[in-house]
Amino acid sequence: MTNTNTNADTGTPRVATGEDVGAISRVLARAFEDDPMMCWFFPEAATRPAALGGYFTTLFTRQYLPYGLCERTGHAAAFWVAPEAQEKAVPDEGTIRELAELLGDRADWFRQCVEAAAATAPQEAHWYLAVIGADPVAQGRGQGAALLRSGLARADAAGLPVHLESSKAENLAVYQHFGFEVLEEVQLPGDGPMLWTMRRAPRD
């Protein structure tokens, strides 16, 4: 998916605040620069990093910071949504307008993808992992895994499953290692990439 906090350069998860917006946006922009869905939304490699920074800034400040649980480490970030907040944590018109400005002629495809993903949303009460990513310079150091474990522990404590979507085939094995199973393969509209929906059952 840094500031002056003492753990900013560590792998210890902590709850993110509005002061973290710049650091989190930069981390997630680097983490998702080669993600198939983000490459499809922002096809120009030269402008993609800046566009992704704006994209994640909008999601963080307008959607997940107000309604979700956002955590970060020094070089990774994750956005979670508890079951009671999921009706609120959907893109409102203001969010969609901001994203449309970033997406340009891809904005209509984005709306269709949001609708396609929403159509696969589970009916059961669950925690939702909306975004997770680690800066490539820190991948392999366990910071993304630490964030994943932190959210999974909350879901397990509540006795609830976790759902997510991924458009990167290489990540499926990582999620499966943590107990997720593929539920469905969704071909996104507009000749978009494949999206995999995944579920992890709660653990005692």
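Here the OH-CG distance, from Tyr175 to Leu164, works out to 5.5 Å after rounding to the nearest 0.5 Å. The structure places CD1 of Ile24 at 11.5 Å from CD of Glu19, a figure rounded to the nearest 0.5 Å. Separation of atoms CG (Leu52) and CD (Glu33) is listed at 7.0 Å; rounding is to 0.5 Å. Taken to the nearest 0.5 Å, the CD atom of Gln143 stands 8.5 Å off from the OG1 atom of Thr12.
Leu147 approaches Ala77 most closely through the heavy-atom pair CD1-N, 3.4 Å.
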Name the atoms and distances for all side-chain donor-acceptor pairs under 3.5 Å in residues 181-190, with sequence neighbours left out.
{"from": "Glu185", "atom 1": "OE2", "to": "Trp196", "atom 2": "NE1", "distance (Å)": "3.2"}
{"from": "Gln187", "atom 1": "NE2", "to": "Gly192", "atom 2": "O", "distance (Å)": "2.4"}

Donor-acceptor pairs under 3.5 Å, side chain of residues 78-91 to any protein atom, not counting sequence neighbours: which ones?
{"from": "Gln86", "atom 1": "OE1", "to": "His126", "atom 2": "NE2", "distance (Å)": "3.4"}
{"from": "Gln86", "atom 1": "NE2", "to": "Val81", "atom 2": "O", "distance (Å)": "3.4"}
{"from": "Gln86", "atom 1": "NE2", "to": "His126", "atom 2": "O", "distance (Å)": "2.6"}

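Using a 4.5 Å cut-off on side-chain heavy atoms (C-beta onward), Phe42 and Thr47 make no contact. Inter-residue side-chain proximity for Arg154 and Leu69 is flagged as met; some heavy-atom pair is nearer than 4.5 Å. Between Arg199 and Pro122 there is no side-chain heavy-atom pair separated by less than 4.5 Å. Counting heavy atoms from C-beta on, the side chains of Arg14 and Asp20 come closer than 4.5 Å. Side-chain atoms of Leu152 and Phe180, non-hydrogen and from C-beta on, do get closer than 4.5 Å to each other. Looking at heavy atoms from C-beta onward, Leu160 lies out of side-chain contact with Pro202 at the 4.5 angstrom threshold.
The side chain to side chain contact (heavy atoms under 4.5 Å, CB included) test with Thr58 is passed by exactly one of Arg97, Glu98, Gln63: Glu98. When each of Arg149, Arg203, Arg200 is checked for a salt bridge (Lys or Arg N to Asp or Glu O under 4.0 Å) with Asp156, only Arg200 meets the rule.
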What do the steps show when you test Tyr128 against Glu165 for side-chain contact (heavy atoms from CB on, under 4.5 Å), and what is the final call? CA-CA 9 Å; Tyr128 175 56; Glu165 299 105 19; 2.6 Å; yes
Stepwise side-chain contact (heavy atoms from CB on, under 4.5 Å) check, Leu129 with Met198: CA-CA 10 Å; Leu129 177 54; Met198 305 187 78; over 6 Å; no
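Taking the six-membered ring where the residue is Trp, Trp109 and Trp40 present tilted rings, their angle falling between 30° and 60°.
Between Phe56 and Phe32, the ring centre distance stays below 6.0 Å.
Environment of CD in Glu44: sparse, with no more than 12 heavy atoms of neighbouring residues, nucleotides or ligands closer than 6.0 Å.
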